[in-house]
Q: 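Mind looking over this structure? Questions follow.
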Amino acid sequence: MRCVRRLYSVSMVRVRIAPSPTGDPHVGTAYIALMNLIFARQREGKFVLRIEDTDRTRFVETSERMIYEALRWLGLEWDEGPDVGGPFAPYRQSERTALYRERAEQLLAAGSAYRCFCTAAELEDMRRRQMAAHLPPRYDRRCRALPPAEAARRAAAGEACVVRLAVPLAGATTFRDELRGEITFEHANVDDQVLLKSDGYPTYHLANVVDDHEMQISDVIRAEEWISSTPKHVLLYQAFGWALPRFWHMPLLRNRDKSKISKRKNPVSLIYYRQAGFLPAALVNFLGLMGGGMPAPSAEAKEVERFTLADMIAQFQFERISLGGPVFDLEKLKWLNGVYLRALSPEEFFRAVRANVVPDEYLRAVCPLVQERIETLAQFFDWADFLFRDEVLPAAEVLIPKQRDLAATRKAMEALAAALESADWNKEALDSALRALADEIGWSAKEVFMLARAILTGKKASPPLLESLVVFGRARSLDRLRRCLAAFR
RNA sequence: GGCGCCAUCGUCUAGCGGCCCAGGACGUCGCCCUCUCAAGGCGAAGAUCGCGGGUUCGAAUCCCGCUGGCGCUACCA
């Protein structure tokens, strides 16, 4: 280990993307990955992929592999990571827990952290009381007064506890954000964050700092939402006596209403973009447009908005980034994608269509849903059309059940969205999710199934709903629901 | 509520003290091309540069205040 590290000079640029495997790969992850990749390539540095799987309650088994596939699909390749290895392996945080525990002990010994035995219920109660008194909800530090020896004894005796950061009671922490300049937080406004959870896993704050240091990350390029927790990270670096990386907080991608981009208001799954037929080069190009960064247009515009990853590596300037949160405008993405589609040769276009809209596996999954319903093969799309369309909209009389009105239907659709988001994507799970939903909103199962059918297929008669949903996929099904919601406002 | 960040057409942005009564792109509208629809070409509407104070001969550009938006405020990242 020691020898390996010496190979890297202190000045070498090393950046990382640190996604958490909690669901579909996110478009925001792609955006930050792109920025990190460009930064590394411009400086002959290394781009690291680290999996932050420290939240076992939100862990999704298939997520890690989907992250790899989605980023590779976009052409955003990393130099080091769990799947490709590297000199600082392991790159999966769940495999580094001993390291975090050791570091937490070190902080405890130095008095920079302390054990806290408060239960979830106590914390909940504390928060409620603070809110009621119009005070900022913060940990009141009651366990900070515990003698360390006693705390250690209770922990050793098996009492559940967490380790919290002992934020200085007075003073302030100032750090430099490379895009914004100096930012200061009074310590009075910084909470004694949990660093090590009672299940032994670290929180983001500890793991992130320890790993960034261990992996010799020189520049932390991450989303703006992290600015307010940066003082905690700086305090940790100082407690360990480590040098600080440079921080670059990128603007947050936004929904139409300017809020942080979210799945309820926008497709955010990279799976969706792939399945809906966006070309990776177009999506990467579009993400490159977010926040500026490319040189100013010259006389002839048009081509200045169209560029490749290589162009970005050659010309992107981080100093040019505009800090206002860019709205992720699907309309413009579609236009750009159209530009890329038209630029394809006939052969490339043919291949893209075959690979994306009628791949064998998809067709094979669709066929059984149709086979017993048709008399000639030409009727295939009479039944399967909805599985190949980008948009399908039911008429109002198809969508809204006989005994219900639009308002109730909209409510049901919202609930359906939530149910589809959290259900496992297989026939049995979807069946019980829909039936549970019916109970919850006081609709008959039949009404709920017909509602879902109308949204998915646009019709009252279709192949079986559950199988159709499974084949069509979560990302696109949710998109269809979202569009229906938007159309029946 | 507290703390922090941000602020140019509906949207993405150009602009970094005079060249700007603000340029380009998406979207919208109109015209042309055309068997249709796209694509393409041409054109139009669209921003008192959030508001108010300064600084300066001169401010979208610098400073301050206000307002607004957003983020964070978890044993989530």
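Both backbone and side-chain heavy atoms feed into the values below; hydrogens, waters and symmetry mates do not. Below, read A as the first sequence line, B as the second, and so on, with proteins coming before strands; counting in each chain starts at 1. Model, not experiment: these values are computed from the prediction.
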Q: In terms of the nearest nucleotide of RNA chain B, which residue is placed more toward the 5' end: A:Met294 or A:Phe117?
A: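 On the 5' side of the pair lies A:Met294.
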
Q: Identify the nucleotide, in any strand shown, that forms a Watson-Crick or G-U wobble pair with B:rC70, with both distances under 3.5 Å; if there is none, say none.
A: B:rG4

Q: If you look only at pairs with a residue in residues 162-172 of chain A, which of them pass as a salt bridge (charged side-chain N to carboxylate O under 4.0 Å, His left out), with sequence neighbours excluded?
A: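 Qualifying pairs: none.
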
Q: Look through every strand shown and name the nucleotide pairing with B:rA14 as Watson-Crick or G-U wobble, where both distances are under 3.5 Å.
A: none

Q: Given that A:Pro137 and A:Pro202 both sit by RNA chain B, which one's nearest nucleotide is further toward the 5' end?
A: A:Pro137

Q: Please list, by residue number, the residues of residues 243-254 of chain A whose heavy atoms come closer than 4.0 Å to an atom of RNA chain B; answer none if no residue qualifies.
A: A:Leu252, A:Arg254

Q: Does B:rG65 have a Watson-Crick or wobble partner in any strand here, with both distances under 3.5 angstrom, and which is it?
A: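 Checking every strand shown, B:rG65 finds its partner in B:rC51, with both distances under 3.5 Å.
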
Q: Just the table, please: protein N/O against nucleotides 45-51 of chain B N/O, every pair under 3.5 Å.
A:
none

Q: Is there a donor N/O on one and an acceptor N/O on the other, under 3.5 Å, for the side chain of A:Ser198 and the base of B:rC75?
A: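 Flag set: donor-acceptor pair detected.
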
Q: Looking at A:Phe117, does the NZ or CZ of A:Arg154 lie under 6.0 angstrom from its six-membered ring centre and within 45 degrees of the ring axis?
A: yes

Q: Under 4.0 Å, heavy atoms only, any strand: does A:Pro326 hit a base, just the sugar-phosphate, or nothing?
A: sugar-phosphate

Q: When we call it a touch if two heavy atoms are under 4.0 Å apart, what does A:Met131 touch: a base, just sugar-phosphate, or nothing?
A: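 Since no nucleic acid heavy atom lies under 4.0 Å of A:Met131, the category is nothing.
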
Q: My understanding is that only residues two or more places apart in sequence, or in another chain, count here; which of them pass side chain to side chain donor-acceptor pair (under 3.5 Å) with A:Asn266?
A: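 Counting only residues at least two positions away or on another chain, A:Asn266 forms no side chain to side chain donor-acceptor pair (under 3.5 Å).
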
Q: List the steps and the verdict of side-chain hydrogen bond (donor to acceptor under 3.5 Å, both in side chains) for A:His26 and A:Ser269.
A: CA-CA 5 Å; A:His26 199 276; A:Ser269 167; over 6 Å; no

Q: Please find the pair of heavy atoms, one from A:Leu387 and one from A:Arg476, that lie closest to each other, and give the distance.
A: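 Closest pair (atom of A:Leu387, atom of A:Arg476, distance): O-NH1, 4.3 Å.
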
Q: Please state how far atom CD in A:Glu305 lies from atom P in B:rA25, giving the value in whole angstrom units.
A: 8 Å

Q: Tell me every residue that passes ring-ring contact (aromatic ring centres under 6.0 Å, His included) with A:Phe381, counting only those two or more places apart in sequence or in another chain.
A: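 Here the qualifying residues are A:Phe388.
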
Q: How long is the line joining NZ of A:Lys332 and C1' of B:rG10, in whole Å?
A: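 Checked: the NZ to C1' distance equals 13 Å.
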
Q: For A:Tyr139 and B:rC3, what is the distance between atoms OH and C1' respectively, to the nearest whole Å?
A: 21 Å

Q: Under the criterion side chain to side chain contact (heavy atoms under 4.5 Å, CB included), which of A:Val209, A:Asp211, A:Thr203, A:Val163 is the partner of A:Tyr100?
A: A:Asp211

Q: Between C1' on B:rG71 and CD on A:Glu225, what's the gap in Å once rounded to a whole number?
A: 8 Å

Q: Using the side-chain heavy atoms of A:Val327, tell me which of these nucleotides is nearest: B:rC72, B:rA77, B:rC12.
A: B:rC12

Q: Which one, B:rC12, B:rC5, B:rU11, comes nearest to the side chain of A:Glu224?
A: B:rC5

Q: Classify the nucleic acid contact of A:Arg138 as base, sugar-phosphate or nothing, counting any heavy atom under 4.0 Å across all strands shown.
A: nothing

Q: Please list, by residue number, the residues of residues 160-189 of chain A whose heavy atoms come closer than 4.0 Å to an atom of RNA chain B; answer none if no residue qualifies.
A: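 Correct list: A:Val162, A:Arg164, A:Arg180, A:Ile183, A:Thr184, A:Phe185, A:Asn189.
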
Q: Can A:Ser262 and A:Asn255 be counted as having a side-chain donor-acceptor contact under 3.5 angstrom?
A: yes

Q: Hey, is the main chain of A:Met215 close enough, under 3.5 Å, to the side chain of A:Arg14 for a donor-acceptor pair?
A: yes

Q: For residues A:Phe278 and A:Tyr340, establish whether the separation of their ring centroids is below 6.0 Å.
A: no

Q: Starting at CZ of A:Arg56 and ending at P of B:rA77, how long is that distance when rounded to a whole Å?
A: 11 Å

Q: Using a cut-off of strictly less than 4.0 Å between a heavy atom of the residue and any atom of RNA chain B, enumerate the qualifying residues of residues 150-158 of chain A by number.
A: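 Residues of residues 150-158 of chain A that come under 4.0 Å of RNA chain B do not exist, since none gets that close.
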
Q: With sequence neighbours left out, write down each residue that passes ring-ring contact (aromatic ring centres under 6.0 Å, His included) with A:Trp226, or none if nothing qualifies.
A: A:Tyr204

Q: Would you kindly give the NZ-to-C1' distance between A:Lys334 and B:rU11, to the nearest whole Å?
A: 14 Å

Q: Tell me whether the NZ or CZ atom of A:Arg354 lies within the 45° cone about the ring axis of A:Phe350 and under 6.0 Å from its centre.
A: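 Negative - A:Arg354 is either too far from the ring of A:Phe350 or too far off its axis.
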
Q: I need the A:Arg142 CZ to A:Cys116 SG distance, nearest 0.5 Å.
A: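 Output value for this atom pair is 8.5 Å.
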
Q: Which heavy atom of A:Ala33 sits nearest a heavy atom of A:Phe47, and at what distance?
A: O-CZ, 3.8 Å

Q: Using distance only, find each side-chain donor-acceptor pair of residues 82-89 of chain A under 3.5 Å and give its atom names and separation, not counting sequence neighbours.
A:
residue : atom : partner : partner atom : Å
A:Asp83 : OD1  : A:Trp78 : NE1          : 3.0
A:Asp83 : OD2  : A:Arg72 : NH1          : 3.2
A:Asp83 : OD2  : A:Arg72 : NH2          : 2.6

Q: Round to the nearest Å and state the distance from A:Arg256 atom CZ to B:rU11 atom P.
A: 10 Å

Q: What nucleotide among B:rA74, B:rG10, B:rC6 has an atom nearest to a side-chain atom of A:Arg127?
A: B:rA74

Q: Looking at B:rC76, B:rG1, B:rG24, which one has an atom nearest to any side-chain atom of A:Lys197?
A: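 Comparing B:rC76, B:rG1, B:rG24 against the side chain of A:Lys197, the answer is B:rC76.
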
Q: Between B:rG1 and B:rA60, how far is it from one P atom to the other, in whole Å?
A: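 Those two atoms are separated by 33 Å.
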
Q: Under 4.0 Å, heavy atoms only, any strand: does A:Cys118 hit a base, just the sugar-phosphate, or nothing?
A: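 Base: the residue A:Cys118, judged by heavy atoms under 4.0 Å, touches a nucleobase.
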
Q: Of all the choices, B:rC75, B:rA77, B:rG10, which nucleotide is nearest to the side chain of A:Val194 once you look at every atom?
A: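 Among B:rC75, B:rA77, B:rG10, the one nearest the side chain of A:Val194 is B:rC75.
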
Q: Categorize A:Gly291 for me: base, sugar-phosphate, or nothing, with a 4.0 angstrom heavy-atom threshold over every strand shown.
A: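 Here A:Gly291 touches the backbone only, sparing every base.
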
Q: State which residues pass ring-ring contact (aromatic ring centres under 6.0 Å, His included) with A:Trp242; sequence neighbours excluded, sorted by chain then number.
A: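 Applying ring-ring contact (aromatic ring centres under 6.0 Å, His included) to A:Trp242 gives A:His213, A:Phe240.
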
Q: I want to verify a distance call: between B:rA77, B:rC75, B:rC12, whose nearest atom is closest to the A:Leu123 side chain?
A: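 For the A:Leu123 side chain, the nearest candidate turns out to be B:rC75.
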
Q: Residues in side chain to side chain donor-acceptor pair (under 3.5 Å) with A:Gln193, at least two apart?
A: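 Counting only residues at least two positions away or on another chain, A:Gln193 forms no side chain to side chain donor-acceptor pair (under 3.5 Å).
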
Q: Would you mind reading off the distance between A:Met290 atom CE and B:rA25 atom C1', rounded to a whole angstrom?
A: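 That distance rounds to 11 Å.
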
Q: Within the structure provided, determine whether A:Leu34 and A:Phe39 are in side-chain contact (heavy-atom separation under 4.5 Å).
A: no

Q: Which nucleotide in the list B:rC12, B:rG71, B:rC5 gets nearest to the side chain of A:Lys260?
A: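 Nearest to the side chain of A:Lys260 among the choices is B:rG71.
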
Q: Got a list of protein N/O to nucleotides 28-34 of chain B N/O distances below 3.5 Å?
A:
none

Q: State, to 0.1 Å, how close A:Leu179 and A:Leu323 come at their nearest heavy-atom pair, and which atoms those are.
A: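 Minimum heavy-atom contact is O-CD2, 3.7 Å.
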
Q: Name the nucleic acid region contacted by A:Arg58, choosing base, sugar-phosphate or nothing; use a 4.0 angstrom heavy-atom cut-off, strictly under.
A: base

Q: What contact category does A:Thr22 fall into here, base, sugar-phosphate, or nothing, at under 4.0 angstrom with non-hydrogen atoms?
A: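 Nothing, no heavy atom under 4.0 Å.
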
Q: Only pairs with both distances under 3.5 Å count, Watson-Crick or wobble alike; so what is the partner of B:rG43 in this structure?
A: B:rC29

